[in-house]
Amino acid sequence: MGYFVFEKQSKLLDESQFLLELKNQSQSAYGKLLDDYQKKVFNTCLSFVPNIEDAEDIAQEVFVEVYNSVGKFKGNSKLSTWIYRIAVNKSLEFIRKKNTKKRFGFMQSISGNTLPVDKSSYFTEFNHPGIQLEDKERNEILFKAINQLPEGQKVVFTLHKIDGLSYKEVGEITDKSISSIESLLFRARKNLKEVLINFYKKEGW
Amino acid sequence: MIDRKKTSKIIDELLDSPLVIEEVNTPPFFKDKVLNKLSQNTEERTATDWLNWFTPKYQIAAMVLFVMLNFIALYSYSASNNEVELQNYAQTYGLSNTSQDSILN
């Protein structure tokens, strides 16, 4: 028991020391941060935006934001949780921008200025290297359905179902209780079912 | 009916089954690209650093000062102009002292 307390305390000390180095903009500390978190951040971005190029751009922006805002980080949460939050916010920002552009493009297509755009997709092209080819089609449909969910449900569903985080981790990132995570997941599943039924109906199933 | 059942089954499978998504490695040179972006960012920052003190508070103060100076300049210009115009008028109609003190009188 004592060993675990000591280990926890030394971990906290390590993290606060590491944070101090980051705040002092130490290049070596930042290099370590990149080594430790690049894979996690990239995979989270990929869970929200299933396109390798888009996700790479977003992940890069996440690390630039971390670098610029680490001075403002007060340490109220774990560093990893804070970085996850930035990754989620940057991904949502990207999706919002894409959706706005899509709407604008759609309006232009109505007024006859440009060619019609693809109204169903918020990513450039479905290109998720972690998804097997045989699952690609059904997962693409799922990702498009997730995009139609309200933002709160979208975040919780993506972090839990796609990114594979536990309820506790999702709760920490979104700053919500486990019961509200469960409720959001329940509603997300219900809404997704409706969206998918409509989709398959349109497809003539 | 069968189709509906089939569709419902497909949807349930899609939502309930754990998604088989493998963890993906970051693209090559990801770290280098980020570090490169950061160095560009800091260069841009240092370029604009000399104007950092010029916060909105100072910007408003500078604007108010500029507007006040303009008003003062305009006011003093119109006041001196009025004086000149009045002198001209008086001279034209022989009302000024200078015209009364003329040798011709």
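Residue numbers begin at 1 in each chain, while the letters A, B, ... track the order of the sequences.
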Task: Audit row: A/Phe157, B/Leu15, side-chain contact (heavy atoms from CB on, under 4.5 Å) steps and yes/no - done: CA-CA 10 Å; A/Phe157 191 86; B/Leu15 294 176; 4.3 Å; yes

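Around atom CD of A/Glu151, more than 12 heavy atoms belonging to other residues, nucleotides or ligands sit under 6.0 Å away. Enclosure of atom CD in B/Gln59 by more than 12 non-hydrogen atoms of other residues, nucleotides or ligands within 6.0 angstrom is indicated. Heavy atoms of other residues, nucleotides or ligands lying less than 6.0 angstrom from CZ of B/Phe54 number more than 12.
Of the possible donor and acceptor atoms, none in the side chain of A/Asn43 sits under 3.5 Å from a partner among the backbone N and O of B/Glu23.
Residues A/Phe42 and B/Asn25 approach most closely at CE2-O, 3.5 Å, considering heavy atoms.
Ring pair A/Phe63/B/Phe30 is perpendicular by interplanar angle, where above 60° counts as perpendicular and below 30° as parallel.
Using a 4.5 Å cut-off between heavy atoms, A/Leu196 touches chain B through backbone and side chain atoms alike. Residue contact with chain B, scored on non-hydrogen atoms closer than 4.5 Å, involves the side chain of A/Gln27 exclusively. In this structure, no portion of A/Ala55 lies under 4.5 Å from any heavy atom of chain B.
Considering only heavy atoms from C-beta on, B/Val34 stays 4.5 Å or farther from A/Gln38 through its side chain.
Contacts between residues 167-195 of chain A and chain B, counted as heavy-atom pairs separated by less than 4.5 Å, involve A/Arg189, A/Leu192, A/Lys193. Residues of residues 28-35 of chain A that come within less than 4.5 angstrom of chain B, heavy atom to heavy atom, are A/Tyr30, A/Gly31, A/Leu34, A/Asp35 in numerical order.
Ion pairing of A/Glu61 with B/Lys37 is absent here, as no side-chain N (NZ or NE/NH1/NH2) approaches a carboxylate O to less than 4.0 Å.
Taken to the nearest 0.5 Å, the CG atom of A/Asn139 stands 5.5 Å off from the CD1 atom of B/Ile21.
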